[in-house]
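Here is the structure we will look at.
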Amino acid sequence: MPELPEVEVLRSSLEPVVVGERIERVRTWNRSLREPVSRGLGRRVAGRRIERLRRRAKYLLIDLDGGVTVVVHLGMSGRFTLVPSRAPRQLHEHLALFLESGRRLRLRDPRRFGLVFARATDRLDADRHFRHLGVEPLGADFDGACLARAARGRTAPIKSFLLDGRVVVGVGNIYASEALFRAGIHPRRSVGRVSRSRWDRLAESVRAVLASAIEQGGTTLNDFTDGAGEPGYFQVSLSVYGREGEGCPRCGATVRRIVQSQRSTFYCPGCQR
DNA sequence: CCTTGAACCTGCGGGC
DNA sequence: TGCCCGCAGGTTCAAG
């Protein structure tokens with residue numbers, strides 16, 4: 001479900017409604033997510049107030065008073081929503097933060113690739129999940145130069161390169177295809193054979209595609225919703241992702257699907273070189 | 001270091 | 001109707 005735009009939409013939808021709330025307790029029904037949920041999580045966060053919500057890569061960061069941050073990652077199928085008091089437990093609801101108001105923040109994740117843990121806020125960057133993360137694509141230091149620099153000495157196809165979180169974070173399988181389409185670059189092109197001007201164009205495309213997806217409330221293919229349970233609308237704006245066999249919106253050629261490192265890639269053979 | 005492939009898990013839709 | 005297959009938005013680890 002979630003790439004950077006979806007997590008950002010989740011963050012901004014939850015922020016105004018949960019900041020200032022106190023977490024009363026944590027309840028888990030199933031601790032076996034991608035990594036086991038720590039037994040000490042409840043003790044660590046109970047009684048603390050939510051000060052703000054941030055995002056790093058595809059991680060949602062819930063900063064609490066006292067210098068503690070709850071880290072939530074949604075994996076492939078996770079949803080994190082605010083539900084009213086006494087809302088019945090849903091299938092695959094593995095964990096919930098019970099708030100003082102009675103409402104709760106519910107993590108529902110059928111495939112259990114998600115992740116929840118707490119860390120000292122000032123030590124987040126040193127955590128193994130964050131230490132090797134690359135640049136934020138919507139931040140000031142993301143540009144063609146930084147992509148070109150990261151590509152030096154490498155030969156991987158550019159689609160795989162875009163998915164590598166040590167280079168740039170937050171770009172997942174949907175937006176990698178979309179950004180390459182916008183930039184006119186063939187997904188199989190080796191990063192060793194990309195000109196400087198095309199790196200610039202790609203950086204601009206990544207930014208534009210992500211920003212536009214955020215504006216549209218994210219992409220809802222099956223189950224993405226924001227914190228209030230509302231779906232996104234960017235799926236109608238997708239140019240190539242999921243459109244195998246359809247006409248390219250730019251040149252009319254037939255959109256193709258190929259497989260790269262076991263993931264589908266969609267591209268237009270007419271526009272992308 | 002780089003690259004690739006397998007692994008983790010459940011659900012859904014298509015084909016027969 | 002029911003079964004089997006392929007497919008799904010992410011990350012990590014091992015092996016070459």
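Reckoned from all heavy atoms, side chains included, excluding hydrogens, waters and symmetry mates. Per chain, numbering begins at 1; letters A, B, ... match sequence-line order.
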Rounding to an integer number of Å, can you tell me how far [X] [atom1] sits from [N] [atom2]?
X         : N       : atom1 : atom2 : value
Asp226(A) : dG9(C)  : CG    : P     : 21 Å
Leu221(A) : dG10(C) : CG    : P     : 10 Å
Gln262(A) : dT3(B)  : CD    : P     : 16 Å
Leu163(A) : dG9(C)  : CG    : P     : 10 Å
Lys159(A) : dT3(B)  : NZ    : C1'   : 15 Å
Arg257(A) : dG6(C)  : CZ    : C1'   : 9 Å
Glu3(A)   : dG9(C)  : CD    : C1'   : 5 Å
Asn173(A) : dT11(C) : CG    : C1'   : 13 Å

For DNA chain B, stems built from three or more consecutive Watson-Crick or G-U wobble pairs below 3.5 Å: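 Only these stems qualify: B:2-8 with C:10-16, B:10-16 with C:2-8.
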Which residue is it: Phe181(A), Phe234(A), Tyr175(A), Phe266(A)? I am looking for the one with a ring-ring contact (aromatic ring centres under 6.0 Å, His included) to Tyr241(A).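 Single pass found, and it is Phe266(A).
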Is any side-chain N or O of [X] closer than 4.0 Å to OP1 or OP2 of [N]?
X         : N       : answer
Asn222(A) : dA8(C)  : no
Lys58(A)  : dT11(C) : yes
Tyr241(A) : dG9(C)  : yes
Arg263(A) : dC7(C)  : no
His132(A) : dT12(C) : no

Distance under 6.0 Å and angle within 45° of the ring axis: does Arg34(A) meet both against Phe113(A)?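 No - Arg34(A) does not lie over the ring of Phe113(A) by the 6.0 Å and 45° rule.
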What is the nucleic acid contact for Ser264(A), judged by heavy atoms within less than 4.0 Å: base, sugar-phosphate only, or nothing?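 The residue Ser264(A) makes sugar-phosphate contact but no base contact.
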Taking dT3(B) as the reference, what is the distance to dG9(C) when you measure between their C1' atoms (whole Å, please)?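 To the nearest whole Å, 23 Å.
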Return the polar atom pairs (N/O with N/O) between nucleotides 9-11 of chain B and the protein under 3.5 Å, or none.
unit_1, atom_1, unit_2, atom_2, d
dC9(B), O3', Arg112(A), NH2, 2.7
dC9(B), O2, Arg111(A), NE, 2.9
dC9(B), N3, Arg111(A), NH2, 3.4
dT10(B), OP1, Arg112(A), NH2, 2.7
dT10(B), O4', Pro110(A), O, 3.4
dT10(B), O3', His92(A), NE2, 3.3
dG11(B), OP1, His92(A), NE2, 2.6

Salt bridge present between [X] and [Y] (N-O < 4.0 angstrom):
X         : Y         : result
Arg154(A) : Asp164(A) : yes
Arg112(A) : Glu93(A)  : no
Asp127(A) : Arg123(A) : no

Between Leu210(A) and Leu138(A), does the side-chain contact (heavy atoms from CB on, under 4.5 Å) criterion hold? Intermediate values first, please. CA-CA 8 Å; Leu210(A) 297 180; Leu138(A) 299 180; 4.2 Å; yes
Leu115(A) reachable from Leu105(A) in the ILVMFWY side-chain graph, under 4.5 Å edges: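 No; tracing contacts between hydrophobic side chains, which count when under 4.5 Å, never links both residues.
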Run the side-chain contact (heavy atoms from CB on, under 4.5 Å) check on Arg131(A) and Asp125(A) step by step: do they pass? CA-CA 6 Å; Arg131(A) 201 173 358 182; Asp125(A) 288 343; over 6 Å; no
Kindly point out which of dT3(B), dA6(B), dT12(C) is positioned nearest to the side chain of Thr155(A)?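 So the side chain of Thr155(A) is nearest to dT3(B).
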Just how far is it from atom CZ of Arg49(A) to atom CG of Asp63(A), taken to the nearest 0.5 Å?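 Going from CZ on Arg49(A) over to CG on Asp63(A), the span is 15.0 Å.
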Check step by step if side-chain contact (heavy atoms from CB on, under 4.5 Å) holds for Thr28(A) and Val116(A). CA-CA 11 Å; Thr28(A) 54; Val116(A) 180; over 6 Å; no
